[in-house]
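All remarks here apply to the structure that follows.
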Amino acid sequence: MAERTKYILDEADLPTQWYNVISDLPEPPPPPLHPGTREPVGPADLAPLFPQALIEQEVTTERYVDIPEEVLEVYRLWRPSPLFRARRLEKALGTPARIYYKYEGVSPVGSHKPNTAVPQAFYNAQEGVTRLTTETGAGQWGSALAFACAQFGLECEVWQVRASYDQKPYRKLMMETFGATVHPSPSELTESGRAILKQHPDSTGSLGIAISEAVEQAAQDPDTRYALGSVLNHVLLHQTIIGEEALRQFQLAGDTPDLLVGCTGGGSNFGGLAFPFLREKLAGRMDPVIRAVEPAACPSLTRGRYAYDFGDTAGLTPLLKMHTLGHDFIPDPIHAGGLRYHGMSPLISHIHELGLIEAIAIGQQECFSAGVRFARSEGIIPAPEPTHALAACIQEALRCKETGEEKVILTALCGHAHLDLPAYGAYLAGDMVDNELSDAVLAQSLATLP
Ligand SMILES: *Cc1c(COP(=O)(O)O)cnc(C)c1O
């Protein structure tokens with residue numbers, strides 16, 4: 001084959017700025033509200049939880065934010081990440097579509113999460129914070145923060161959703177190897193955890209509960225702050241390194257995407273890939289369709305309500321205007337742990353309301369079928385989350401096969417599955433079911449919106 005299928009940037013071409021999509025939107029997203037007063041939260045409200053630099057990035061209207069040299073140095077351990085053309089998958093599908101994937105599984109923990117964990121740890125360390133708390137579901141975010149804390153000499157304490165803590169011992173060992181302390185959530189260590197355990201002693205936990213526990217701990221100790229792995233504006237800002245690199249790599253490939261697809265849990269890998277392309281679209285330089293893909297069992301964008309809701313279960317966080325299934329929604333235990341959050345990034349929600357992106361939901365069996373197909377042709381076993389994006393790629397590629405359209409599709413392959421293989425085990429054994437969310441359960445959960 002004459003053409004290159006892997007597009008690699010030199011280290012010297014690593015982008016040195018993150019892109020803030022808010023600067024190019026016709027209107028900014030609605031602000032977070034204080035849960036008591038229902039007034040927009042100010043920097044002072046957030047100071048117990050986040051360092052000043054991140055609070056500023058949360059609200060900045062600047063178009064670009066410089067990436068600190070100390071952060072670039074750590075990024076260079078694995079960045080720039082490769083862009084691949086999935087020629088073998090295209091061939092297996094018999095499609096005239098051209099499929100590209102930006103591979104974030106080359107990071108130290110195997111996902112895109114360190115792109116934000118590293119700057120978050122850096123800014124906290126710079127402001128004299130000594131310990132970070134956080135929640136984690138499948139363990140991708142917890143291991144990313146544990147790695148990042150190790151780079152800047154911070155302690156790291158992680159509340160891991162009980163179901164994953166029990167099912168995924170290797171992630172816990174990875175976090176501990178990087179130096180973190182890991183607790184199953186709900187735990188007896190916090191008010192929020194104890195309250196849940198009192199009502200539901202066998203609770204398997206949720207991201208919302210784990211967030212409550214980590215936030216509660218951080219709020220009580222002046223030397224401790226909290227770190228969130230998705231959802232917030234500053235997280236999506238840091239992830240734009242993915243799309244900025246991909247734009248340069250598309251120049252190398254001499255191609256332009258017609259369709260971007262990405263999986264959405266809290267929206268960070270999707271936003272990170274899509275926002276720089278959205279900038280180009282808004283400027284009229286290209287016109288890709290941008291499509292978010294979520295699990296049918298946790299469909300916040302496609303079936304949730306766009307309303308103010310808490311980010312956590314106990315109601316400790318500010319109210320966020322977002323697509324939500326209700327803050328005490330506990331999704332069925334699907335295998336894509338990173339897509340089990342009840343809400344969606346307010347920025348992604350707002351951009352969806354503006355009609356700039358579309359969203360679809362897919363059941364997990366179709367997703368794992370896509371994951372297996374991808375693994376057998378491209379040689380990478382995708383994490384359960386991006387199998388959702390790959391299923392959407394394959395849907396589109398098969399449509400192109402019927403119409404003969406040579407569509408150019410780009411997706412973020414945001415992680416590999418080396419520590420999630422039991423999920424493939426369940427699929428291969430035929431034990432996987434599709435947990436479609438019923439209207440009755442959804443209505444009940446939405447009734448609790450504040
Ligand atoms: C955390 C995670 C997700 C979901 O989070 P987003 O903020 O929506 O990106 C998806 N894929 C992987 C591999 C993850 O680790």
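All ligand and atom numbering here is 1-based and tracks the order in the structure.
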Please say whether [X] places an N or O atom under 3.5 Å from an N or O atom belonging to ligand 1.
{"X": "Thr264", "answer": "no"}
{"X": "Leu339", "answer": "no"}
{"X": "Gly267", "answer": "yes"}

Practice task
Could you tell me whether the side chains of Ser187 and Trp159 share a donor-acceptor contact shorter than 3.5 Å?
Solution key: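 On atom types as modelled, these side chains qualify, holding a pair under 3.5 Å.
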
Problem - Leu259 side, atom CG; Thr411 side, atom OG1 - distance, nearest 0.5 Å - result: 9.0 Å

Practice task
Could you tell me whether Arg291 and Glu396 have a side-chain N and a carboxylate O separated by less than 4.0 Å?
Solution key: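 Salt bridge flag = yes for Glu396 with Arg291.
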
Nearest non-hydrogen protein atom, [atom]:
{"atom": "atom 8 (O) of ligand 1", "result": "Gly265 N, 2.7 Å"}
{"atom": "atom 7 (O) of ligand 1", "result": "Ser230 OG, 2.5 Å"}
{"atom": "atom 4 (C) of ligand 1", "result": "Gly338 O, 3.2 Å"}

Practice task
Apply salt bridge (Lys or Arg N to Asp or Glu O under 4.0 Å) to Arg87 and Glu378, showing your working.
Solution key: CA-CA 8 Å; Arg87 287 183 185 274; Glu378 293 293 318; over 6 Å; no

Practice task
Under the side chain to side chain donor-acceptor pair (under 3.5 Å) rule, collect the residues that match up with Arg303, sequence neighbours excluded.
Solution key: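 For Arg303, the residues satisfying side chain to side chain donor-acceptor pair (under 3.5 Å) (neighbours in sequence not counted) are Asp439.
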
Completion exercise
Note: Lys113, heavy atoms under 4.0 Å from ligand 1, region reported as side chain

Handout entry: Residues which pass ring-ring contact (aromatic ring centres under 6.0 Å, His included) with Tyr101, listed by chain and number, not counting sequence neighbours
Key =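 With sequence neighbours excluded, Tyr101 shows a ring-ring contact (aromatic ring centres under 6.0 Å, His included) to Phe84, Phe374, given in chain and number order.
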
Practice task
Would you check whether Glu104 reaches within less than 4.0 Å of ligand 1, judged by its heavy atoms?
Solution key: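 Per 4.0 Å heavy-atom rule, Glu104 does not contact ligand 1.
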
